[in-house]
Amino acid sequence: SYRKGGYHAVRVGDAFAGGRYIAQRKLGWGYFSTVWLAYDTLSARFVALKIQKSAKEYSHAALHEIGLLSAIAEGDPSNSNCVVRLLDYFKHSGPNGQHYCIVLEFLGDSLLRLIRYNHNKGIGLDRVKNICRSILVALDSLHRKLGIIHSDLKPENVLLVSTINPEKDPVKSNFIPILERPEGNLNGGFPFTVNEKKLMIKTRRALVKISKRRVSMGGYVEFERSLDGIDLRCKVVDFGNACWFDKQFADEIQTRQYRAPEVIIGSGYSFSVDMWSFACIAFELATGDLLFAPKNRPGLTEDEDHLALMMELLGKMPRNIATTGSRSNDFFDKYGDLKRIRRLKSWALDRLLVEKYNFSEADARSFTEFLRPLLDFDPEKRPTAAQCLQNPWLQEPKEADA
Ligand code: ADP
Ligand code: MG
């Protein structure tokens with residue numbers, strides 16, 4: 001993808017926006033962009049630089065994302081809504097074309113990394129609750145205040161936030177990535193060369209005083225911590241697929257495993273698609289497993305498998321819902337039964353939590369009471385983010401477990 005119209009190849013030390021931003025290391029990438037840690041020489045802090053592919057459609061998408069992020073920033077002057085903050089944007093020309101660059105506040109690792117870090121065993125219910133609260137605060141402001149549907153909520157798109165108080169420790173609070181990474185390769189996919197490391201260290205020396213031990217960890221200033229006793233907070237990122245509630249442009253939205261049933265059957269969607277994805281994320285954080293992991297099976301589409309998995313866990317989809325989507329005929333007969341999958345194994349969510357994931361009966365019950373309404377086949381019946389925030393399960397972590 002590093003060709004005309006594609007990604008912009010960045011090297012450590014590259015300058016952007018007339019020398020204001022200096023690339024430090026790659027943080028991640030997506031279908032549309034690569035994201036780099038950069039040092040902002042003007043404000044003397046680290047930022048995330050999202051560099052979009054250059055083809056026209058990607059530039060359109062970047063402008064769309066910038067529009068949404070600007071509205072989000074305007075609606076949240078105190079930056080407390082758990083959504084990533086837009087700081088700046090500009091165009092950068094390179095050998096592959098003109099690339100929109102979006103400058104964002106620098107955040108930590110994604111929830112996907114957090115789940116992997118815990119060896120896919122779940123991160124503990126107290127931490128799940130903390131993270132759920134942050135995501136719900138974000139969804140509440142997006143949905144109710146701004147009228148934005150995120151439409152691609154998933155663990156990769158929720159990033160951890162430093163809980164170090166910048167006033168107490170301005171230097172440390174700049175080094176946000178949270179997780180210890182024993183593997184050493186921190187460059188999101190490709191390792192540094194010796195020269196890159198040297199350059200990085202040199203650049204950084206000029207900026208902040210750093211201990212030798214931290215530099216030796218993969219050539220990257222890592223703030224090493226274990227998860228114990230950390231009050232996890234996070235922010236929602238990636239508005240590349242988000243839309244205004246009243247200006248929807250795509251029928252097929254969301255990443256497969258987090259996709260709501262109404263999107264699959266084509267019956268229109270609203271804010272409640274994000275609530276469905278939110279429930280999938282909460283389950284995944286608590287258990288380390290995807291809630292729904294549909295596959296292509298012989299003679300069946302992934303969509304059919306997905307609907308079958310949903311019905312195994314949640315019961316039959318009400319006939320009036322199953323049969324009224326633009327794609328209903330692909331999957332359901334007129335009684336609302338799946339055409340090609342006749343036998344469904346059913347599992348109740350609370351039994352699944354106890355039997356497969358060793359939850360206590362009490363934990364399984366309270367977590368199910370929280371999750372189950374979010375997974376209503378009827379989008380109108382799903383609780384809103386504001387209603388969810390009132391749920392007793394989220395209030396006092398210890399009490400709910402007692
Ligand atoms: P795409 O639209 O291409 O999927 P994203 O906005 O999701 O791009 O960014 C891709 C990846 O870059 C994320 O999954 C994350 O790992 C990293 N990333 C994005 N924004 C930030 C940020 N503000 N701070 C730190 N890392 C980020
Ligand atoms: Mg993304």
Side-chain angles (χ1 to χ4, degrees), residues 28 30-31 109-125 127-132 134-136 139 150-160 179 232 234 236-238 241 252-265 269 272-297 300-315 317 331 338 341 344-359 363-364 367-368 370-377 379 382 388:
Y31 182 70
D109 279 324
S110 73
L111 298 187
L112 186 65
R113 263 215 127 118
L114 181 68
I115 293 164
R116 298 232 179 102
Y117 182 82
N118 281 269
H119 308 287
N120 292 56
K121 288 197 168 61
I123 63 167
L125 287 179
R127 293 194 193 106
V128 176
K129 290 175 195 189
N130 283 330
I131 291 176
C132 283
S134 291
I135 301 177
L136 287 169
L139 291 179
H150 184 282
S151 71
D152 195 18
L153 209 59
K154 57 181 171 177
E156 273 162 280
N157 286 340
V158 182
L159 306 187
L160 296 170
L179 307 176
L232 289 174
C234 55
V236 172
V237 305
D238 195 355
N241 299 292
E252 193 175 272
I253 55 164
Q254 304 181 299
T255 298
R256 164 58 70 188
Q257 292 85 354
Y258 306 90
R259 189 173 293 154
E262 62 271 27
V263 176
I264 299 176
I265 61 176
Y269 58 85
S272 49
V273 289
D274 288 340
M275 301 313 293
W276 180 280
S277 308
F278 165 74
C280 297
I281 296 173
F283 179 90
E284 198 172 331
L285 290 169
T287 66
D289 274 347
L290 289 162
L291 178 56
F292 300 114
K295 293 192 199 59
N296 266 311
R297 292 194 277 148
L300 295 175
T301 62
E302 221 175 345
D303 281 334
E304 284 173 303
D305 192 41
H306 200 169
L307 292 168
L309 291 172
M310 289 174 178
M311 296 206 277
E312 286 181 340
L313 190 70
L314 307 167
M317 192 181 293
F331 315 120
L338 282 170
I341 306 177
L344 297 175
K345 298 168 257 165
S346 44
W347 273 97
L349 185 56
D350 56 342
R351 299 329 303 158
L352 183 72
L353 292 170
V354 171
E355 286 160 31
K356 187 163 175 201
Y357 298 106
N358 300 319
F359 274 48
D363 281 349
F367 190 38
T368 301
F370 177 73
L371 277 192
R372 191 60 186 73
L374 290 162
L375 297 167
D376 203 303
F377 283 124
R382 282 174 218 150
C388 257

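The model shown is predicted, which means the values in this text are computed figures rather than measured ones.
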[atom1]/[X] to [atom2]/[Y] distance, rounded to the nearest 0.5 angstrom?
| X | Y | atom1 | atom2 | answer |
| --- | --- | --- | --- | --- |
| Asn358 | Asp363 | CG | CG | 11.5 Å |
| Thr368 | Leu353 | OG1 | CG | 5.0 Å |
| Leu374 | Ser277 | CG | OG | 10.5 Å |
| Leu160 | Leu114 | CG | CG | 5.5 Å |
| Trp347 | Leu309 | CH2 | CG | 13.0 Å |
| Leu159 | Asp109 | CG | CG | 8.0 Å |

Check whether any side-chain heavy atom of [X] sits under 4.5 Å from a side-chain heavy atom of [Y], and report yes or no.
| X | Y | result |
| --- | --- | --- |
| Ile264 | Arg256 | yes |
| Met310 | Trp276 | yes |
| Tyr258 | Leu153 | no |
| Leu285 | Ile115 | yes |
| Leu291 | Leu371 | no |
| Leu111 | Ile123 | no |

>> Please evaluate residues Arg297 and Ile341 with respect to the criterion side chain to side chain contact (heavy atoms under 4.5 Å, CB included), reporting the C-alpha separation (whole Å), side-chain torsions for both, the decisive distance (0.1 Å), and the verdict.
In response: CA-CA 11 Å; Arg297 292 194 277 148; Ile341 306 177; 4.1 Å; yes
Return the minimal non-hydrogen interatomic distance between [X] and [Y], and the atom names on each side.
| X | Y | result |
| --- | --- | --- |
| Ala260 | Val273 | CB-CG1, 3.9 Å |
| Phe377 | Met311 | CZ-CG, 4.0 Å |
| Cys132 | Ala282 | SG-CB, 3.8 Å |
| Arg382 | Asp376 | NE-O, 2.8 Å |
| Cys388 | Phe370 | O-CE1, 4.1 Å |
| Ser110 | Glu156 | CB-O, 3.7 Å |

By salt bridge (charged side-chain N to carboxylate O under 4.0 Å, His left out), which residues pair with [X], not counting sequence neighbours?
| X | value |
| --- | --- |
| Glu355 | Arg351 |
| Asp350 | none |
| Lys356 | Asp289 |

> Asp152: what forms a side chain to side chain contact (heavy atoms under 4.5 Å, CB included) with it, not counting sequence neighbours?
Replying inline: His150, Lys154, Asn157, Asp238, Asn241, Thr255
> Does the Glu304 side chain pair with the main chain of Leu338, one donor and one acceptor, at a distance under 3.5 Å?
Replying inline: no
> Just by distance, do the side chain of Glu262 and the backbone of Pro379 share a donor-acceptor pair under 3.5 Å?
Replying inline: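 No, the answer is negative, given that no donor and acceptor are paired below the 3.5 Å cut-off.
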>> For Phe359, give me all partners under ring pair (Phe, Tyr, Trp, His ring centres under 6.0 Å), at least two apart in sequence or on another chain.
In response: none
>> Below 30° counts as parallel, above 60° as perpendicular, anything between as tilted: where do the rings of Phe283 and Tyr357 land?
In response: perpendicular
>> So that I can tick it off, tell me whether Glu252 and Arg259 are bridged by a salt bridge, with the cut-off set at under 4.0 angstrom between side-chain N and carboxylate O.
In response: yes
>> Between Arg372 and Leu313, is the side chain to side chain contact (heavy atoms under 4.5 Å, CB included) condition met? List the steps.
In response: CA-CA 10 Å; Arg372 191 60 186 73; Leu313 190 70; over 6 Å; no
> Can you name the side-chain hydrogen bond (donor to acceptor under 3.5 Å, both in side chains) partners of Tyr269, sequence neighbours left out?
Replying inline: none
